[in-house]
Number of protein chains: 2
Amino acid sequence: MTDSPTSSTPTDIRGPRLHGVYDALRAAVLSGEIRPGEGISETRVAARYGVSRTPVREAFRRLADEGFLRIVPQVGTFVAPIQLSAVSDSQFIRETLECRTVRLAAERAEAADVASLTRLLDSHRAVMSPDRHSEFFALDEATHAELARIAGRPAVWDLLVAVKAQLDRVRFLSLHSEGWAAKIVGEHQSIVDRVAARDPDGAEEAMRAHLRTVFAAVDEIARTNSHFFET
Amino acid sequence: MTDSPTSSTPTDIRGPRLHGVYDALRAAVLSGEIRPGEGISETRVAARYGVSRTPVREAFRRLADEGFLRIVPQVGTFVAPIQLSAVSDSQFIRETLECRTVRLAAERAEAADVASLTRLLDSHRAVMSPDRHSEFFALDEATHAELARIAGRPAVWDLLVAVKAQLDRVRFLSLHSEGWAAKIVGEHQSIVDRVAARDPDGAEEAMRAHLRTVFAAVDEIARTNSHFFET
DNA sequence: AATGGCATACTAGTATGCAAGTTGCCGCGA
DNA sequence: TCGCGGCAACTTGCATACTAGTATGCCATT
């Protein structure tokens, strides 16, 4: 063992057991299948997935770091309540960073970038039906990621994915109303228009308006599901 | 036992062994005691600290998540090289968030807040001698944390502590020149002045100037220690 | 001498047993 | 019926044994 790790991937590749358990639990918490306050134990989860406690333990630890679980030594592990303060902080951080990146994107966008965004918008319009909710969600994320890439700051979106986690928990609490998808795509269109026009001020305003829409929905859901939350 | 923040997650009350190993390793990597590319193994670290592999393993995982270590399965664990792109991204994120928070701080600061900042500045001036470097560093952090608190966004600083980690690794590579401490305190003074004057625009500009100073130093160090870095 | 293959010594991933601590139930007594 | 004490059954934290995969150096072969 001399030096050079020679690892092509920046994020480590771990055993499949850990990833399987981690992904399953994360999805279960995010979708609300396991509800805030509910207790889960390393032993039970290990038995359920047919693995030992060790990979389960690491998955727990990671999920606790992300704010999904709360580990209380010698007592148990519980699904963390959604903290309203964390939601508010997530919104603040997201708005601050995304308004800055979209401004940069508007300054730097080239023809190929605009074309890429337009393709994403077309794909997005194609999956607006309620039964393709997960595809719609993925394309929503992809659009924001693409804007960060165009801005020359793809890592900013990586950070936001982690920060957004608490927001996504809220989002999953409720399916959205009829015109929701159309409204989102329309706002994305406005952003892309301003980016294509190389208009940083307009792009920033369009992004701000878009995020305020999303945040308003989050607040609405929070009010109608207050039992899941903690002050 | 003073420098590293380690205030990552508020819900972390795990065993003392894990914390001991984690703090020691984090400090060793940050200070350069263990250099980028160097390999460490769970077994050796466990033996050295007189604990089993389990807490070492959790500490490794956490440090890998923070970007300090790179775990390559079946091969080994290595101190991650400092990625210049990560440093740049950290700077971008820090500037974006801190300029926004200091603006808010200037809008919201009350007399008590200004007094608190002034106290921090006085303390800071008292530890400007080179032999009190760790105290100086701690008060630097405390000032920025206080600004975030005044802005009503203390969690933003918690995030920045994690994001800043790569910057701090660079900072530790080199002790600073003669007038460095005075320059930092002077810039902090300018920021506090603008906050006290309830001048958001001025506060933001002062913060931007301050961060540009810090970033320039980081870039300088990066150039003169290129062997620690990775493109 | 150069090279290819294999044995060995390492690594992290996983499984499991033990220890320490908390919770809550259950029975006993007033 | 109500209150209290103690035990039992759980929990996670830690230690250790085992598995599987990789790098490396030695040795035989060419």
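Numbers restart at 1 for each chain; the letters A, B, ... are given by sequence-line order, proteins then strands.
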- Query: Strictly by modelled atom types, are A:Glu42 and A:Thr77 linked by a side-chain donor-acceptor pair under 3.5 Å?
  - Reply: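 There is no such pair between these side chains.
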
- Message: What I want to check is whether the side chains of B:Arg100 and A:Thr96 have a donor and an acceptor closer together than 3.5 Å.
- Response: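 Distance-only check passes for B:Arg100 and A:Thr96.
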
Under 4.0 Å between a side-chain N/O of [X] and OP1 or OP2 of [N], yes or no?
X       : N      : result
B:Arg61 : C:dA12 : no
B:Arg57 : C:dA12 : no
A:Thr77 : D:dT11 : no
B:Ser41 : C:dC10 : no

- Say you draw a straight line from CD1 of A:Ile150 to OG1 of A:Thr101; how long is it, rounded to the nearest 0.5 Å?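 It is 10.5 Å, given to the nearest 0.5 Å.
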
- Message: Just checking A:Glu110: does its CD atom have more than 12 heavy atoms from other residues, nucleotides or ligands closer to it than 6.0 angstrom?
- Response: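 Incorrect, the count does not exceed 12.
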
- Quick one: sort the A:Phe172 and A:His133 rings into parallel, tilted or perpendicular, breaks at 30° and 60°.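 Ring orientation, 0 to 90° scale: perpendicular.
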
- Aromatic ring pairing A:His210/A:His144, orientation class (parallel under 30°, perpendicular over 60°, tilted between):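 Geometry flag for A:His144 against A:His210: parallel rings.
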
[N] [atom2] sits how many Å from [X] [atom1], rounded?
X       : N      : atom1 : atom2 : answer
A:Arg44 : D:dA9  : CZ    : C1'   : 13 Å
A:Leu69 : D:dT12 : CG    : P     : 11 Å
A:Phe78 : C:dT22 : CZ    : P     : 14 Å
B:Phe60 : C:dT11 : CZ    : C1'   : 11 Å
B:Ile71 : C:dT14 : CD1   : P     : 12 Å
A:Glu58 : C:dA15 : CD    : C1'   : 13 Å
A:Ile40 : D:dT12 : CD1   : P     : 8 Å

- Residue whose closest nucleotide on DNA chain D lies nearer the 5' end, B:Pro55 versus A:Thr43: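 Residue closer to the 5' terminus by nearest nucleotide: A:Thr43.
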
- Item | Residue mapping more 5' on DNA chain C - nearest nucleotide basis, B:Glu42 or A:Gln74 |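 Final value for this comparison: B:Glu42.
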
- Face-on cation placement of A:Arg62 at A:Tyr22 ring, 6.0 Å and 45° thresholds: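 Pair A:Arg62/A:Tyr22 counts as cation-pi.
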
Can you give me the N/O atom pairs linking the protein to nucleotides 16-18 of chain C at distances under 3.5 Å, or say none if there are none?
{"unit_1": "C:dG17", "atom_1": "O6", "unit_2": "A:Arg53", "atom_2": "NH1", "d": "3.4"}

